[in-house]
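Step one of this worksheet: look at the structure below.
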Protein chains: 2
Amino acid sequence: MRDHATVKGMQRAELARRTGSNLETVRYYEKVGLLPEPPRTAAGYRSYDVAHERRLRFILRARELGFSLEEIRGLLRLVDERDRPCAEARDVAAVHLADIRAKIADLRRMERVLKHVVAQCGDGTLPECPLIETLFGEAA
Amino acid sequence: MRDHATVKGMQRAELARRTGSNLETVRYYEKVGLLPEPPRTAAGYRSYDVAHERRLRFILRARELGFSLEEIRGLLRLVDERDRPCAEARDVAAVHLADIRAKIADLRRMERVLKHVVAQCGDGTLPECPLIETLFGEAA
DNA sequence: GTAATGTCTGTAGTCACTACAGGGTCAAGA
DNA sequence: TCTTGACCCTGTAGTGACTACAGACATTAC
């Protein structure tokens, strides 16, 4: 412990391990400005504290819920700058929820068609493959 | 019509218009080898025929069903090289169907959590925003 | 003749990472 | 003291599937 800046700090690998995230991802979030740059030791090593860890967990949980980094940036700004950000945060989530529902609807359409086509293919011994015919649009 | 290569050929813009695809996308598919390079007029303009259009439609339909370009490349190879590709094509589709079902499951998890959180936020006048607390993991 | 439109090429940007290459630093063991 | 191996640093390039643009050439209409 040769530098007082290292007091209670953890390095990038430990932060990544504790949060279950990839080491490089942490640096990436720093680069794009979602995580603040941590103080450095004399040798230039990053030294994180619990506030960094908390913020990183926020980002990771939001990613698990499918928020884009831009949406997360907006949510973090609400956290940082506002007293009562609940209405704005809820709106961000509501828009995102609508996006997700639209994606689910798209995927369900795909699922329905594929399920039907795979069933038509059966054991795969047909001379004209229903999947391929469907894609060519000749037996849609 | 100064060049016999243009006989019955259409240009890129017309192909894109007829298939509802983006002009640049056609060139991209050519670049990555999904569409064969069409013959050129004397001035170097691409000249497509109905076979190109048919193949492009195949690709576009497969994209609508969520197949990746690599999967599509595999399907097109089956079309080009095999007599009875149905079993192999069906397997590609079955794997893809499983992927789609996994994605739907992921999105439904997100949807469930978001729906719950947005409902908790209510009219957005709470002093502690349930969404933000959830993301910080303090009220999960 | 010229203006407007079309086409050509290659390159760079998008999103959210991930994976290097090529170096510096540090702690423990021989 | 030296070395070994594990860690850390930076910047850059790659992923997938496009999309957009710059700068040049061709064609068409008037």
Side-chain angles (χ1 to χ4, degrees), chain A residues 1-3 5-6 9-35 37-48 52 56 58-76 96 99 103 106 110, chain B residues 1-3 5-6 9-35 37-48 52 56 58-76 96 99 103 106 110:
Chain A
M1 205 175 287
R2 60 152 59 160
D3 182 16
T6 62
M10 60 184 146
Q11 291 186 337
R12 201 156 50 118
E14 192 187 345
L15 180 64
R17 190 184 47 70
R18 283 171 61 91
T19 57
S21 61
N22 185 312
L23 193 91
E24 303 280 8
T25 305
V26 176
R27 184 156 76 99
Y28 175 72
Y29 289 159
E30 245 175 73
K31 201 177 78 178
V32 299
L34 290 178
L35 281 177
E37 300 222 359
R40 303 290 183 116
T41 67
Y45 287 16
R46 288 170 179 81
S47 180
Y48 298 98
H52 287 100
L56 177 57
F58 183 100
I59 298 170
L60 295 171
R61 273 175 225 261
R63 289 294 298 139
E64 276 172 24
L65 289 176
F67 285 101
S68 72
L69 294 192
E70 278 317 299
E71 287 170 324
I72 294 170
R73 193 188 303 283
L75 291 173
L76 285 169
H96 180 53
D99 287 352
K103 270 191 196 129
D106 281 349
M110 296 178 197
Chain B
M1 206 174 290
R2 60 151 60 159
D3 181 16
T6 63
M10 59 184 146
Q11 290 187 339
R12 201 155 50 116
E14 192 187 345
L15 180 65
R17 190 183 47 70
R18 283 170 62 90
T19 56
S21 61
N22 184 312
L23 193 91
E24 302 281 8
T25 305
V26 176
R27 186 158 73 99
Y28 175 72
Y29 289 159
E30 245 174 75
K31 202 177 75 178
V32 299
L34 289 178
L35 282 176
E37 300 221 0
R40 304 290 182 118
T41 68
Y45 288 15
R46 289 170 181 80
S47 179
Y48 299 97
H52 286 100
L56 177 56
F58 183 100
I59 298 170
L60 295 172
R61 274 175 224 261
R63 289 294 298 139
E64 277 172 24
L65 290 176
F67 286 101
S68 72
L69 294 191
E70 277 318 298
E71 287 170 325
I72 294 170
R73 192 187 304 282
L75 291 172
L76 285 169
H96 180 53
D99 287 352
K103 270 189 196 130
D106 281 349
M110 297 178 197

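In what follows, chains are A, B, ... by sequence order, proteins preceding strands, each numbered from 1. Keep in mind it's a predicted model, so treat the numbers as computed, not measured.
- A:N22 pairs by the side-chain hydrogen bond (donor to acceptor under 3.5 Å, both in side chains) definition with nothing, not counting sequence neighbours.
- When the P atom of C:dG13 is taken as reference, atom CD of B:E24 falls 16 Å away, rounded to whole Å.
- What separates CZ of B:R27 from C1' of C:dT7 is a distance of 10 Å, to the nearest Å.
- Here the C1' atom of nucleotide D:dC9 and the OH atom of A:Y48 are 11 Å apart, to the nearest Å.
- Residues from residues 11-22 of chain A placing a heavy atom under 4.0 Å of any atom in DNA chain C, listed by number, are A:N22.
- The CE atom of A:M10 sits 17 Å away from the P atom of D:dC7 (whole-angstrom rounding).
- Residue A:R12 holds its CZ atom at 13.0 Å from NE2 of A:H52, rounded to the nearest 0.5 Å.
- The terminal axes of the helix from C:dG1-D:dC30 to C:dA30-D:dT1, fitted over 5 pairs per end, subtend an angle of 30° to the nearest 10°.
- Side-chain contact between B:L56 and B:Y48 is absent, with no heavy atoms from C-beta onward closer than 4.5 Å.
- The distance from the CE atom of A:M110 to the NE2 atom of B:H96 is 6.5 Å, given to the nearest 0.5 Å.
- Across the protein-nucleic acid pair, B:E37 atom CD and C:dT7 atom P stand 17 Å apart, rounded to whole Å.
- Rounded to an integer number of Å, the gap from A:L23 CG to C:dA19 P is 11 Å.
- The distance from atom OG of B:S47 to atom CE of B:M10, rounded to the nearest 0.5 Å, is 8.5 Å.
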For residues 62-75 of chain B, which side-chain donor-acceptor pairs fall under 3.5 Å, sequence neighbours excluded?
{"residue": "B:R63", "atom": "NH1", "partner": "B:F67", "partner atom": "O", "Å": "2.6"}
{"residue": "B:S68", "atom": "OG", "partner": "B:E70", "partner atom": "N", "Å": "3.4"}
{"residue": "B:S68", "atom": "OG", "partner": "B:E71", "partner atom": "N", "Å": "3.1"}
{"residue": "B:E70", "atom": "OE1", "partner": "B:R73", "partner atom": "NE", "Å": "3.3"}
{"residue": "B:E70", "atom": "OE2", "partner": "B:R73", "partner atom": "NE", "Å": "3.0"}
{"residue": "B:E70", "atom": "OE2", "partner": "B:R73", "partner atom": "NH2", "Å": "3.2"}
{"residue": "B:E71", "atom": "OE1", "partner": "B:S68", "partner atom": "N", "Å": "2.8"}
{"residue": "B:R73", "atom": "NH1", "partner": "B:V32", "partner atom": "O", "Å": "2.9"}
{"residue": "B:R73", "atom": "NH2", "partner": "B:V32", "partner atom": "O", "Å": "3.1"}

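- Taking atom CD on A:E30 and atom P on D:dC8, their separation rounds to 13 Å, with Å as the unit.
- Residues passing the ring-ring contact (aromatic ring centres under 6.0 Å, His included) test with B:F58, sequence neighbours excluded: A:F136.
- Taking OG1 of A:T19 as the reference point, atom CG of A:L60 lies at 5.5 Å (rounded to 0.5 Å).
- With sequence neighbours left out, A:R46 forms a side-chain hydrogen bond (donor to acceptor under 3.5 Å, both in side chains) with A:E30.
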Next on the checklist: One character per nucleotide, please: for nucleotides 13-18 of chain D, 5' to 3', B when the base has a protein heavy atom closer than 4.0 Å, S when only the sugar-phosphate does, - otherwise.
Outcome noted: ----BB
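- B:R40 places its CZ atom 14 Å from the P atom of D:dT27, with the value rounded to the nearest Å.
- Scored by the side-chain hydrogen bond (donor to acceptor under 3.5 Å, both in side chains) test, B:T25 finds no partners at all (sequence neighbours excluded).
- Residue A:R46 has a polar side-chain atom (N or O) positioned under 4.0 Å from OP1 or OP2 of D:dC9.
- Taking the side-chain hydrogen bond (donor to acceptor under 3.5 Å, both in side chains) definition, one finds that B:R17 meets it with nothing, sequence neighbours left out.
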